[in-house]
There are 2 protein chains.
Amino acid sequence: MELTERKRQILKVVVEDHIRTAEPVGSKTIAAEMTGKVSSATIRNELADLTEMGYLEQPHTSAGRVPSPKGYRFYVNELMERQSLSEDETERINESLQLRGGEMDRMMTQAGKALSSIVNYPTYMTTTRKRKLTVRRFDLLPVDGGSCIVVMMMSSNRVKSQLLQLQLQVEQDQLPALVNLLNTHFVNISLDDMNQRLMSVADQIPPQLFLLLSQAVNYAVEALEEADKREIVTAGASQLLKLPEFRDADKAHDLMSFLADSKESLPVLDDGPMKILIGPENVDEALKDTSVIIASYDIGDDMRGLIGVVGPTRMDYATVAARLSGFAEGLTRMFGKNLPPKEDTQS
Amino acid sequence: MELTERKRQILKVVVEDHIRTAEPVGSKTIAAEMTGKVSSATIRNELADLTEMGYLEQPHTSAGRVPSPKGYRFYVNELMERQSLSEDETERINESLQLRGGEMDRMMTQAGKALSSIVNYPTYMTTTRKRKLTVRRFDLLPVDGGSCIVVMMMSSNRVKSQLLQLQLQVEQDQLPALVNLLNTHFVNISLDDMNQRLMSVADQIPPQLFLLLSQAVNYAVEALEEADKREIVTAGASQLLKLPEFRDADKAHDLMSFLADSKESLPVLDDGPMKILIGPENVDEALKDTSVIIASYDIGDDMRGLIGVVGPTRMDYATVAARLSGFAEGLTRMFGKNLPPKEDTQS
DNA sequence: TTTAGCACTCATCGTTCCGGAGTGCTAAAG
DNA sequence: CTTTAGCACTCCGGAACGATGAGTGCTAAA
């Protein structure tokens, strides 16, 4: 089942030619482009073999060959030469990473756009949290009798705060008690535990204080939930329309509305620095004839970022993979020096 | 220059027919759809007049008529009947406004999507601030010698906070002095004044304290700038691909990348509850043959929201206008009961 | 095993050729 | 003066056709 050296070479030429031209590749073209001198007839024999083995496909009897998903897979695994970035590319990437650090999701959007214009395909970005987020410390600042400010420092060192309209007037001296309660019982525990703990203290403190407490805890729970929500942003969807395989408006529409509305089911990367999913390897029906390349980067805190590129199966894997990993490294570097001390937080 | 009643009637039929079918409208069709009994020949005479007057256009000699921008404008101003929403539509809108209130931009995205699926066109949302945002109050919470938490309550009642890595060790007793300084000199003043004021106090306080002060003020300035930045989100761009006028991938691409990359130049609404821009009335080249409807809604605080719909000139003005204003009212209502007390804030 | 040769297939593209929808004009009728 | 029937004319869109050419598979010779 091993492929002969020549078959490998031919397959490689077919894949790379087709990636470049989007057209089926014929025996003559291949012969011209091959290093070893063989006639087109020989190539035709080999092509027939490769087709039978499932590496190539024929749109119709008298057309050239097109790589099958299996062909692309073989190409990616064995034939593709790991590209390194040119001076220009590196510079371009670094330049595009001069993001002015605003809020997290704004940065993500910017980065996604930047990458999209670098690889010329749509991209998506998301983050995952390595450990569960918890509250490390509470503070309450009095405003007036009817409201106060809750400040929470999270385990990620972010700080969230909000004005809390109290459900009942509060005496000045109740706040310290409340803070104390919060900081002894509701700190460094998971979201679920918080609710539980709230129940368990219910009958140990005055009902009035409990009301305030539960309000504060509820806010904390909401904030944790909010922060834990995996946010996904996509960018550059319109790039699709430049590709010959998406000239058909219906096809383009399907994929684009998938990218807009079903981001959640875009593939993720559990481990490793990079993953390539080719055509039907994607579980989602809408991605069955697209390919996805995903890479991960480090954000600091306990966060990990994911950045993916979506394209046709005819995607330029070598280039995209190189640029993507360069970009991911750039992101890691950027967050590395950007985050530790100074960064914004929320709510 | 006034149009006769019959001409008005004919123009109305042409516009509405063309909106429905996207095809040029012929004299026979019009005759059939008109209430008053006239022959197609009469209609043809009228059509010739209307064409000459610039209300209609002819794609080619032997085709039906298509409304010109001027025709649409006349339709919108004089002919269009103000639609009211059906039960179903109202319900649909209210349902779609059951947004779970997270952060502001997330809500905007959600609302934009919702509206887009209600009107079947791409939408965009943005907000403008009526008055300049200022800081109303500062707090500093000690963390350890090297860092503290800044908490700022804004004039909008939002609270922002962040962990501040201090550039030098700080004695416990310096913080109150710092807070005091902040709350006397840097409160309720504009962003520009803040920088100025910082200069002016420079030589009145110990340099060590000044360093801390300027760090805090800088953070405040950044936060204000960040909050003042007008953010625009678009949604539902892929809807375009379902429209016959955007079956052409290049046209679709142009508009879609405009929506993605040049959001800032989308039209805004300075006053009034709604504005309709038809084709060439748009200043931006990319919108020359699209129409835009914009409405505004109230967010509370000192914010005003804008929500716009982008579509072909053949947009269904009556329906979209009705749904859009219903949606805008819904948003105002939602923010009305949602915001005053409880809402999230940032950083 | 390779290759030249050849007949064959089939998508693509330009041409041509209707059919039909729609027009403008004319002349008669109201 | 306005409306309408009638008619010749225009022109788009689709079907039908054929030529072109890229590409194939097979055969037979090298």
Side-chain angles (χ1 to χ4, degrees), chain A residues 2-11 13-18 20-68 71 244-245 247-248, chain B residues 2-11 13-18 20-68 71 244-245 247-248:
Chain A
E2 268 304 319
L3 291 181
T4 66
E5 181 50 32
R6 194 169 62 192
K7 284 204 173 57
R8 294 166 64 99
Q9 212 180 127
I10 292 176
L11 180 53
V13 171
V14 172
V15 171
E16 290 178 353
D17 241 64
H18 183 253
R20 200 156 35 73
T21 63
E23 298 288 314
V25 190
S27 54
K28 226 166 142 187
T29 325
I30 302 172
E33 268 172 66
M34 289 258 298
T35 45
K37 292 276 186 334
V38 276
S39 79
S40 67
T42 314
I43 304 279
R44 276 202 290 284
N45 287 327
E46 297 283 51
L47 286 179
D49 287 357
L50 283 167
T51 308
E52 201 183 355
M53 289 188 241
Y55 293 101
L56 297 177
E57 283 167 359
Q58 228 170 348
H60 53 265
T61 340
S62 77
R65 300 308 207 286
V66 160
S68 68
E245 30 272 284
R247 305 246 51 172
D248 175 39
Chain B
E2 269 304 319
L3 291 181
T4 66
E5 181 51 33
R6 193 169 62 193
K7 284 204 174 58
R8 295 165 63 97
Q9 212 181 126
I10 292 177
L11 180 53
V13 171
V14 173
V15 170
E16 290 178 353
D17 240 64
H18 182 252
R20 201 158 32 76
T21 63
E23 298 288 316
V25 190
S27 54
K28 226 165 139 186
T29 326
I30 301 172
E33 266 172 67
M34 290 256 297
T35 45
K37 292 278 189 330
V38 275
S39 79
S40 66
T42 312
I43 305 279
R44 276 201 291 284
N45 287 328
E46 298 283 51
L47 286 179
D49 288 356
L50 284 167
T51 308
E52 201 185 352
M53 290 188 240
Y55 292 102
L56 297 177
E57 284 167 357
Q58 227 170 348
H60 53 265
T61 339
S62 77
R65 300 307 206 288
V66 161
S68 68
E245 29 271 284
R247 305 245 51 173
D248 175 39

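Within every chain, numbering begins at 1; the chains are lettered A, B, ... in the order of the sequence lines, protein sequences first and strands thereafter. Here the structure is a predicted model, which is why all the values come from computation and not from measurement.
Atom NZ of A/Lys7 sits in a crowded spot, with more than 12 heavy atoms from other residues, nucleotides or ligands closer than 6.0 Å.
Note on A/Ser27: every side-chain N or O is 4.0 Å or more away from OP1 and OP2 of D/dG23. Remark: B/Ser39 is in phosphate contact with D/dT4, judged by side-chain N or O atoms under 4.0 Å from OP1 or OP2. Dashed line: the shortest gap from a side-chain N or O of B/Arg65 to OP1 or OP2 of C/dG22 is not under 4.0 Å.
Counting heavy atoms from C-beta outward, B/Val14 and B/Leu50 have side chains that stay 4.5 Å or more apart. Counting only heavy atoms from C-beta outward, the side chains of B/Leu3 and B/Tyr55 approach each other to under 4.5 Å. Side-chain contact between B/Thr42 and B/Arg6 is present, with at least one heavy-atom pair separated by less than 4.5 Å.
Rounded to a whole Å, the CG atom of A/Asp17 is 15 Å from the P atom of D/dA22. When rounded to the nearest whole Å, the span between NE2 of A/His18 and P of D/dA22 equals 18 Å. The CD atom of B/Gln58 sits 9 Å away from the C1' atom of C/dG22 (whole-angstrom rounding). Taking atom CG on B/Leu47 and atom C1' on D/dT3, their separation rounds to 15 Å, with Å as the unit. B/Leu50 has its CG atom 12 Å from the P atom of C/dT23, to the nearest Å. For the pair A/His60 NE2 and D/dG25 C1', the interatomic distance rounds to 15 Å; values are reported in whole Å. In this structure, NZ of B/Lys37 is placed 13 Å from P of D/dA5, rounded to the nearest angstrom. We find that CD1 of A/Ile43 is positioned 14 Å from C1' of D/dG23, with the value rounded to whole Å.
Among the atoms of the strands shown, only primed sugar atoms or phosphate atoms (P, OP1, OP2) are found under 4.0 Å from some heavy atom of B/Ala63. A/Thr61 comes within 4.0 angstrom of the backbone, heavy atoms only, and of no base.
To the nearest 0.5 Å, atom CD of residue A/Gln58 and atom OG of residue A/Ser68 are 12.5 Å apart. Here the CD-CZ distance, from A/Glu46 to A/Arg8, works out to 13.5 Å after rounding to the nearest 0.5 Å.
Residue B/Ser62 places a side-chain atom within donor-acceptor reach of the base of D/dT10, judged by atom type and a 3.5 Å distance cut-off alone. A donor N or O paired with an acceptor N or O is found under 3.5 Å between the base of D/dG6 and the side-chain atoms of B/Arg44.
In this structure C/dC10 sits in a base pair with D/dG21, meeting the Watson-Crick or G-U test at under 3.5 Å. C/dT26: Watson-Crick or G-U partner is D/dA5, with both key distances under 3.5 Å. Shown here, C/dG20 forms a base pair with D/dC11; the pair counts as Watson-Crick or G-U wobble because both key distances fall under 3.5 Å.
Of the candidates D/dC11, D/dT4, D/dT24, D/dT4 carries the atom nearest the B/Thr42 side chain, counting heavy atoms from C-beta on.
Nearer to the 5' terminus of DNA chain D, by closest-nucleotide assignment, is the contact made by B/Val38 (compared with the other of B/Val38 and A/Thr51). Residue-to-nucleotide proximity on DNA chain C shows that, of B/Asn45 and A/Ala41, the 5′-proximal contact is made by A/Ala41.
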